[in-house]
Amino acid sequence: MPISAPRPGAHLDGDVLRVTVPAASSAEAVELCLLEASGERRIELRRSGDWWSGQADGVHAGDAYGLRVHGPWDPGRGVRTNPAKLLVDPWTRRVEGSVTSLATARAFAGSDPFSGARDDRDSAGVVPHGIVTADLDPAPTSRPAVPWADTVIYETHVRDLTKLHPDVPEHLRGTYAGVAHPAVVDHLVALGVTTVELLPVFAHTSEPSLLARGRTNHWGYSTLAYLAPHPGYASSPGREEQEFRAMVATLHAAGLEVVLDVVFNHTCEGAADGPSLSWRGLDAAGWYALDARGRDVDVTGCGNTLDAASPLVRALVVDSLRHWVATMGVDGFRFDLASTLGRPRGGAFDPTTPLLGEIADDPVLAQVKLIAEPWDATGEGYQVGGFPAPWAEWNGRFRDGVRDFWRGHGPLSEIVTRFAGSSDLYWPARTPAASVNFVTAHDGFTLADLVSYEHKHNEANGEQGRDGTDDNRSWNHGAEGPTSDPAILALRARQARNLLTTLLLSAGTPMLLGGDELGHTQHGNNNVYSLDDETSWRSWTALSSPGLVDFVARALALRRATPALRRTDFFYGREDTDPDGATPDVAWLHPGGDELAEPDFHHDGRTLVVRVDGDPALLLVLHAGGAPVDVLLPAAFGDTAWAPVLDAGTATGAPPSTDPLPAGTVLPVPAHTALVLRATPRG
């Protein structure tokens with residue numbers, strides 16, 4: 001179990017501030033520093049084991065505070081105590097300020113963090129600090145509680161979602177209040193999504209490499225305070241807690257859940273040559289995975305790795321998550337680079353590691369959605385399918401398999417397995433809902449760029465093209481980037497709808513990248529983490545001709561109306577469920593109507609016809625070939641007629657005709673097209 005302490009952090013009792021914080025066993029003194037107009041008021045804390053506690057009178061909500069730690073300096077052992085550096089309380093619930101002098105924020109002198117020299121410049125005034133807050137009442141317990149089988153996730157960034165929204169008042173754009181604006185909420189409800197997944201909203205600051213280049217971490221994967229909302233997303237400075245809670249309440253009232261993208265794998269301090277803002281100055285070896293020479297073990301690609309074996313890390317993670325559920329009202333979490341949570345000290349992945357178990361078994365957290373990004377920055381960290389129940393996972397194999405199919409690559413077996421819920425990864429311990437299916441996400445091409453670019457174009461990032469993946473599995477359809485060729489534009493639009501059809505109607509939990517329904521482009525940039533501009537901000541001009549918005553809404557309405565697409569168990573097919581000749585729950589067919597034989601699944605087929613049994617049955621035609629194909633509408637399972645319900649060949653998905661076609665009809669299907677038909681009721 002995580003270590004216990006008398007309520008870590010700083011808490012008001014009237015005008016008395018009670019503080020409890022951890023520090024290294026080598027620490028000689030820890031001071032609470034109240035940053036008052038007349039100067040710094042310091043109160044020495046008392047030690048009990050590795051925890052230090054004390055209190056200060058005459059303190060009020062809104063007062064600024066920090067910590068200072070006295071003790072030895074021995075960077076070769078990971079000991080980086082430096083009382084000149086003002087530190088943020090890891091449990092603070094509000095922060096102010098930013099790093100305005102990276103050199104002063106560093107605890108070491110010179111250019112070598114292992115040189116043995118300590119920098120004695122006082123960092124107060126050039127680094128962030130905590131703000132005293134009054135305790136909030138618990139969040140309301142009434143929540144949408146959307147079942148996993150019905151969940152449709154919409155991934156978005158607080159600022160990007162509304163920064164350009166013409167119906168959101170300018171002073172609310174890019175804020176928590178902007179997300180809660182009726183124009184935004186109405187759009188999400190009309191789309192048919194159920195769950196809004198927000199990129200990091202914990203208070204963050206830019207990592208050293210960006211600060212050194214005068215850039216910022218726009219996405220927020222650089223956490224500074226794990227219990228504090230990011231102040232930059234508040235329309236009224238200092239009211240970020242209240243605005244966040246109001247946003248959650250508004251979304252809940254509309255039936256929408258809120259899931260947070262959380263970053264417990266590394267912090268904003270970077271590697272040992274980064275600043276000393278909190279954890280490194282308190283107890284570097286107690287928070288981070290370090291090697292025998294005091295250097296950071298980096299399996300995150302971000303300079304440091306929080307140690308999943310550390311009692312401090314485990315305590316902070318669970319406390320943070322419980323706070324965001326019980327006090328801030330959220331409905332779940334997506335864990336960035338979650339494999340690190342199962343890699344104590346940066347070692348081999350272990351799904352039974354205590355931290356993963358403590359999260360899943362906690363009585364508060366057991367009631368919310370837990371989603372793992374099941375990889376980190378190393379090959380060993382790629383663990384898709386490796387997390388235990390009740391975890392769901394981002395399924396990167398779904399993304400790759402669907403992209404490959406629609407660009408004409410790969411065997412049928414891959415698209416079949418991904419469409420059917422990825423039983424190879426999640427059966428028997430979990431259900432199809434454990435597979436969070438996506439074809440695009442914040443990290444990578446948008447949908448518009450996926451069908452318009454074959455190579456990344458990340459020049460604006462200033463990293464000479466070294467950043468961002470080269471494994472895009474994309475297709476530009478004849479021109480790289482913008483074109484006026486009507487044939488290319490039409491094919492791109494149809495392919496975008498084909499990808500959406502596959503995503504939104506596959507077994508599993510679909511996740512839509514916010515802005516894809518608007519046709520948002522990042523101009524071929526697949527890593528816009530540092531671009532806080534129109535590249536990232538979602539353009540809402542597409543609402544003037546909302547074809548793709550209507551297409552997504554139509555596809556999701558079809559999903560809601562078809563229980564067989566929202567499965568709570570896996571497809572079994574004829575082999576397991578048809579001993580007496582009953583209709584199988586799924587049938588994989590050739591265009592000519594015959595069922596696929598085992599060898600067929602291993603060929604590079606370009607057409608897949610799927611009959612999903614139900615009341616009524618559906619027929620999905622996924623045709624990735626470059627020439628038209630004739631598809632025989634099946635009658636072998638007792639179906640008498642098929643009525644078109646979704647056509648990726650039209651802008652909104654509305655079929656040119658919904659008249660039923662008799663079973664046995666040969667249906668011409670254009671090149672690169674997805675179609676869905678519904679069986680008419682049997683007589």
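Hydrogens, waters and symmetry mates are skipped; everything else that's a heavy atom, side chains included, is used. The model shown is predicted, which means the values in this text are computed figures rather than measured ones.
Taking 4.5 Å as the limit, every side-chain heavy atom of Y226 sits out of range of all side-chain heavy atoms of L321. Counting heavy atoms from C-beta on, the side chains of P128 and E96 never come closer than 4.5 Å. Between S53 and R18 the shortest side-chain heavy-atom distance does not fall below 4.5 Å. Side-chain contact between P113 and R106: absent, with no pair of heavy atoms (C-beta onward) separated by less than 4.5 Å. For the pair I359 and L341, the minimum side-chain heavy-atom distance is below 4.5 Å. Side-chain contact between R173 and S235 is absent, with no heavy atoms from C-beta onward closer than 4.5 Å. Considering only heavy atoms from C-beta on, H181 stays 4.5 Å or farther from T175 through its side chain. Proximity of D273 to P208: side-chain heavy atoms (C-beta onward) are nowhere separated by under 4.5 Å.
For CZ of R239, the number of neighbouring non-hydrogen atoms (other residues, nucleotides, ligands) closer than 6.0 Å is 12 at most.
The OG1 atom of T133 sits 8.5 Å away from the CZ atom of R94 when rounded to the nearest 0.5 Å. To the nearest 0.5 Å, the span separating CG on N265 from OG1 on T305 amounts to 7.5 Å. The CG atom of L260 sits 13.0 Å away from atom NZ of K369, with the distance rounded to the nearest 0.5 Å. Once rounded to the nearest 0.5 Å, the distance linking CG of D283 with CZ of R280 reads 12.0 Å. Summarising the geometry, atom CH2 belonging to W287 is positioned 7.5 Å from atom CG belonging to L282; distances are rounded to the nearest 0.5 Å.
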Kindly indicate, with the supporting measurements, whether the criterion side-chain hydrogen bond (donor to acceptor under 3.5 Å, both in side chains) is fulfilled by D331 and H252. CA-CA 10 Å; D331 305 284; H252 281 180; 2.6 Å; yes

Show your working on side-chain contact (heavy atoms from CB on, under 4.5 Å) between I153 and V259 and close with a plain yes or no. CA-CA 9 Å; I153 297 171; V259 167; over 6 Å; no

Trace of the side-chain contact (heavy atoms from CB on, under 4.5 Å) decision for L34 with I43: CA-CA 8 Å; L34 297 168; I43 296 93; 3.8 Å; yes

Test side-chain contact (heavy atoms from CB on, under 4.5 Å) on Y65 and H129 and set out the steps. CA-CA 6 Å; Y65 77 105; H129 54 261; over 6 Å; no

Applying side-chain contact (heavy atoms from CB on, under 4.5 Å), run through D120 and R118 and close with a yes or a no. CA-CA 6 Å; D120 293 328; R118 185 163 63 182; 4.2 Å; yes

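The main-chain N or O of T205 is found under 3.5 Å from a side-chain atom of S222 such that the two form a donor-acceptor pair. Looking only at distances, a side-chain donor or acceptor of N461 sits under 3.5 Å from a matching main-chain atom of N527. In this structure a side-chain-to-backbone donor-acceptor pair under 3.5 Å is missing from R77 to G294.
When ring centroids are compared, W324 and F244 come within the 6.0 Å threshold. Side-chain rings of W91 and W279 stay apart, their centers remaining 6.0 Å or farther from each other. Residues W391 and F335 place their aromatic rings such that the two centres sit under 6.0 Å apart. Between H157 and H218, the distance separating the two ring centers is shorter than 6.0 angstrom. Taking the six-membered ring for Trp, W219 and H442 have ring centres closer than 6.0 Å. A centroid separation of 6.0 Å or more is found between the aromatic rings of F264 and F333.
Heavy-atom minimum distance, G281 versus L87: C-CD1, 3.6 Å. Closest non-hydrogen pair, A228 versus V95, comes out as CB-N, 4.4 Å. T92 and V88 get closest at one heavy-atom pair: CG2-CG1, 3.7 Å. Among all heavy-atom pairs drawn from G329 and V248, the shortest one is O-CG1, 3.4 Å. For the residue pair F108 and G274, the shortest heavy atom distance occurs at CE2-O, 4.0 Å. Considering every non-hydrogen atom in both A109 and S115, the closest pair reads O-OG, 3.8 Å.
Each of R46, R42, K85 was evaluated against E31; a single residue qualifies, R42, per the salt bridge (Lys or Arg N to Asp or Glu O under 4.0 Å) test. With Y233 as the partner, the side-chain contact (heavy atoms from CB on, under 4.5 Å) test is satisfied by one option alone out of L198, V179, V158: V158. Exactly one of L35, L67, V126 qualifies for a side-chain contact (heavy atoms from CB on, under 4.5 Å) with L86. That residue is L35.
Between D122 and R68, at least one side-chain nitrogen of the basic residue sits less than 4.0 Å from a carboxylate oxygen of the acidic one, meeting the salt-bridge criterion. Using a 4.0 Å cut-off between charged side-chain N and carboxylate O, D135 and R93 make a salt bridge. Salt bridge absent: R343 and D350 never bring a charged side-chain N and a carboxylate O closer than 4.0 Å.
For E534, there are no salt bridge (charged side-chain N to carboxylate O under 4.0 Å, His left out) partners, not counting sequence neighbours.
Taking the centre and axis of the six-membered ring of Y221, the NZ or CZ atom of R334 falls outside the cone set by 45° and 6.0 Å. A cation-pi contact links R295 to F114, judged by a cut-off of 6.0 Å to the six-membered ring centre and 45° from its axis.
In this structure, H204 and H230 have parallel ring planes: the angle between them is below the 30° cut-off, well short of the 60° mark.
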